[in-house]
Amino acid sequence: MSDHREFHAEREKIDFLLEQGYVMKAVTENLSGAFLEFVYEGSDPDQPEVERLHILHPDSRKYFSTILFQQQKKQEMK
């Protein structure tokens, strides 16, 4: 897969989860990329619906960092 296609595919996965009502709750970064944990906002707090993505492309990592920053700003405004 070309470099640009890899970034585009990862970005689409992130956008899809966000459009479905998920929010990023955790990020774990290591030498093999970043692992994102998304939780569905409308799920039961005792049994949350969780999705995980493994992000490899550096541009995708920048992309989710921007989204995470925007989410934090929204929470601060509440």
Side-chain angles (χ1 to χ4, degrees):
M1 185 180 297
S2 76
D3 196 45
H4 179 71
R5 286 186 182 164
E6 182 181 339
F7 164 63
H8 188 68
E10 290 179 345
R11 191 176 92 182
E12 282 184 343
K13 290 176 187 176
I14 293 168
D15 288 343
F16 176 76
L17 289 174
L18 294 172
E19 289 170 4
Q20 298 300 312
Y22 287 82
V23 292
M24 273 186 263
K25 287 295 182 185
V27 177
T28 305
E29 293 191 277
N30 58 31
L31 295 175
S32 62
F35 295 89
L36 303 181
E37 184 175 290
F38 292 83
V39 176
Y40 185 66
E41 283 188 312
S43 64
D44 180 12
D46 296 331
Q47 293 182 339
E49 293 179 42
V50 178
E51 293 286 336
R52 291 178 180 85
L53 291 180
H54 185 196
I55 302 299
L56 300 171
H57 197 277
D59 288 337
S60 300
R61 294 167 90 170
K62 291 177 197 174
Y63 180 69
F64 82 70
S65 297
T66 302
I67 293 171
L68 188 58
F69 180 73
Q70 291 171 348
Q71 279 184 200
Q72 289 175 338
K73 291 288 259 185
K74 262 189 206 178
Q75 287 180 347
E76 288 175 3
M77 297 176 95
K78 288 183 180 181

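- Under a hydrophobic-cluster definition in which Ile, Leu, Val, Met, Phe, Trp and Tyr are linked whenever side-chain heavy atoms come within less than 4.5 Å, directly or via other members, F38 and F35 are assigned to different clusters.
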Decide yes or no on side chain to side chain contact (heavy atoms under 4.5 Å, CB included) for L18 and Q20, but give the supporting numbers first.
CA-CA 5 Å; L18 294 172; Q20 298 300 312; over 6 Å; no
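- Side-chain contact between S60 and K13 is absent, with no heavy-atom pair separated by less than 4.5 Å.
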(request) Could you please spell out the steps behind the salt bridge (Lys or Arg N to Asp or Glu O under 4.0 Å) verdict for R61 and E29? (result) CA-CA 10 Å; R61 294 167 90 170; E29 293 191 277; 2.9 Å; yes
Item to complete: Check step by step if side chain to side chain contact (heavy atoms under 4.5 Å, CB included) holds for Y63 and I14.
Response: CA-CA 9 Å; Y63 180 69; I14 293 168; 4.1 Å; yes
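- Looking at E12 and H8, their side chains come closer than 4.5 Å, going by heavy atoms from C-beta outward.
- Using cut-offs of 30° and 60° for the angle between ring planes, the F7 and H57 rings count as tilted.
- Using a 4.5 Å heavy-atom cutoff, the side chains of Y22 and E51 are in contact.
- A donor-acceptor contact shorter than 3.5 Å links the side chain of Q71 to the backbone of M24.
- Atom CG of residue L17 and atom CD1 of residue I67 lie 10.5 Å apart, to the nearest 0.5 angstrom.
- Checked by atom type, the side-chain pair E49/S43 shows no donor-acceptor distance below 3.5 Å.
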Quick one: do V50 and Y40 satisfy side chain to side chain contact (heavy atoms under 4.5 Å, CB included)? Show the steps, please.
CA-CA 7 Å; V50 178; Y40 185 66; over 6 Å; no
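- Considering all non-hydrogen atoms of both residues, P48 and P45 come closest at CD-O, 3.6 Å.
- Taking 4.5 Å as the limit, every side-chain heavy atom of L53 sits out of range of all side-chain heavy atoms of F16.
- Under the 3.5 Å distance criterion, the side-chain polar atoms of E10 are matched with a main-chain donor or acceptor of L56.
- Under a 4.0 Å N-O distance rule, the pair K25/E37 does not qualify as a salt bridge.
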Side chain to side chain contact (heavy atoms under 4.5 Å, CB included) between L36 and F64: does it pass, once the steps are laid out?
-> CA-CA 9 Å; L36 303 181; F64 82 70; 3.6 Å; yes
